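As structure tokens, the structure follows; a few thoughts come after it.
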Amino acid sequence: MKVNRKDIENRKMTREFFDYVLSFYGKGGLYDFGAKLDDVITATQIYLNKIVTNKNKFYTWGYGDSLDRERVRDILLDEDIFGYEWKTNAKLHLDLTN
């Protein structure tokens, strides 16, 4: 059984996860490399399908934790899939006023 895109788009938890990923890698995010929502959704689908089909249990869903975010990031950065580039010269967007 594969996870389909429509299923993950309709779940509140995954919609919050998309926002979480975008807050790091989307426009204006902490490590902005311009990730787009549509690509984050597709990368999440790829990740969830790896979890479902992987027999050695290397992939697990941590309910949208930082490891999930980083694994989706790695899919976004995979040049054979999306090809986003990590901008080593990009500023880290931190708000230190709090």
Side-chain angles (χ1 to χ4, degrees):
M1 178 179 141
K2 286 209 171 214
V3 176
N4 71 48
R5 186 182 170 104
K6 192 171 190 169
D7 286 341
I8 66 171
E9 285 177 342
N10 290 330
R11 294 187 181 180
K12 182 181 180 196
M13 179 183 61
T14 51
R15 289 181 22 214
E16 290 171 357
F17 177 69
F18 302 150
D19 291 340
Y20 175 52
V21 172
L22 289 170
S23 74
F24 276 79
Y25 312 119
K27 186 166 177 66
L30 196 58
Y31 303 103
D32 179 351
F33 58 77
K36 297 186 179 351
L37 175 61
D38 195 52
D39 292 338
V40 169
I41 293 170
T42 301
T44 302
Q45 179 183 5
I46 291 167
Y47 175 53
L48 291 173
N49 280 320
K50 285 183 179 186
I51 293 168
V52 170
T53 60
N54 197 304
K55 302 285 190 242
N56 70 12
K57 297 183 182 180
F58 175 75
Y59 289 98
T60 57
W61 176 249
Y63 300 96
D65 66 6
S66 59
L67 184 56
D68 294 325
R69 173 184 45 83
E70 290 168 354
R71 287 181 173 162
V72 168
R73 175 206 59 207
D74 292 344
I75 293 168
L76 291 166
L77 293 173
D78 187 322
E79 65 186 35
D80 294 329
I81 302 173
F82 295 98
Y84 283 103
E85 292 184 21
W86 187 263
K87 298 177 183 175
T88 55
N89 61 346
K91 288 184 179 179
L92 175 61
H93 299 283
L94 288 177
D95 181 4
L96 300 176
T97 59
N98 294 332

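Just so you know, these numbers come straight off a predicted model, no measurement behind them. We number each residue from 1, following the sequence as shown.
Between Leu76 and Asp39, the shortest heavy-atom distance links the atoms CD2-O, 3.7 Å. Of all heavy-atom pairs between Ile75 and Ala43, the closest is CD1-O, 3.6 Å.
Ile51 meets the side-chain contact (heavy atoms from CB on, under 4.5 Å) test with Tyr47, Leu48, Tyr59, Trp61; sequence neighbours excluded. Residues passing the side-chain contact (heavy atoms from CB on, under 4.5 Å) test with Glu70, sequence neighbours excluded: Tyr25, Leu67, Arg73.
The structure places CG of Asn49 at 8.5 Å from CD1 of Ile46, a figure rounded to the nearest 0.5 Å. Within the model, atoms NZ of Lys36 and OH of Tyr84 stand 5.5 Å from one another, a figure rounded to the nearest 0.5 Å.
In this structure, Gln45 and Ile41 have side chains that are not in contact, with every pair of non-hydrogen atoms separated by 4.5 Å or more.
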Please tabulate, for the side chains in residues 17-24, all donor-acceptor contacts under 3.5 angstrom to protein atoms that are two or more places apart in sequence or on a different chain.
residue: Tyr20; atom: OH; partner: Arg69; partner atom: NE; Å: 3.2
residue: Ser23; atom: OG; partner: Tyr20; partner atom: O; Å: 2.6

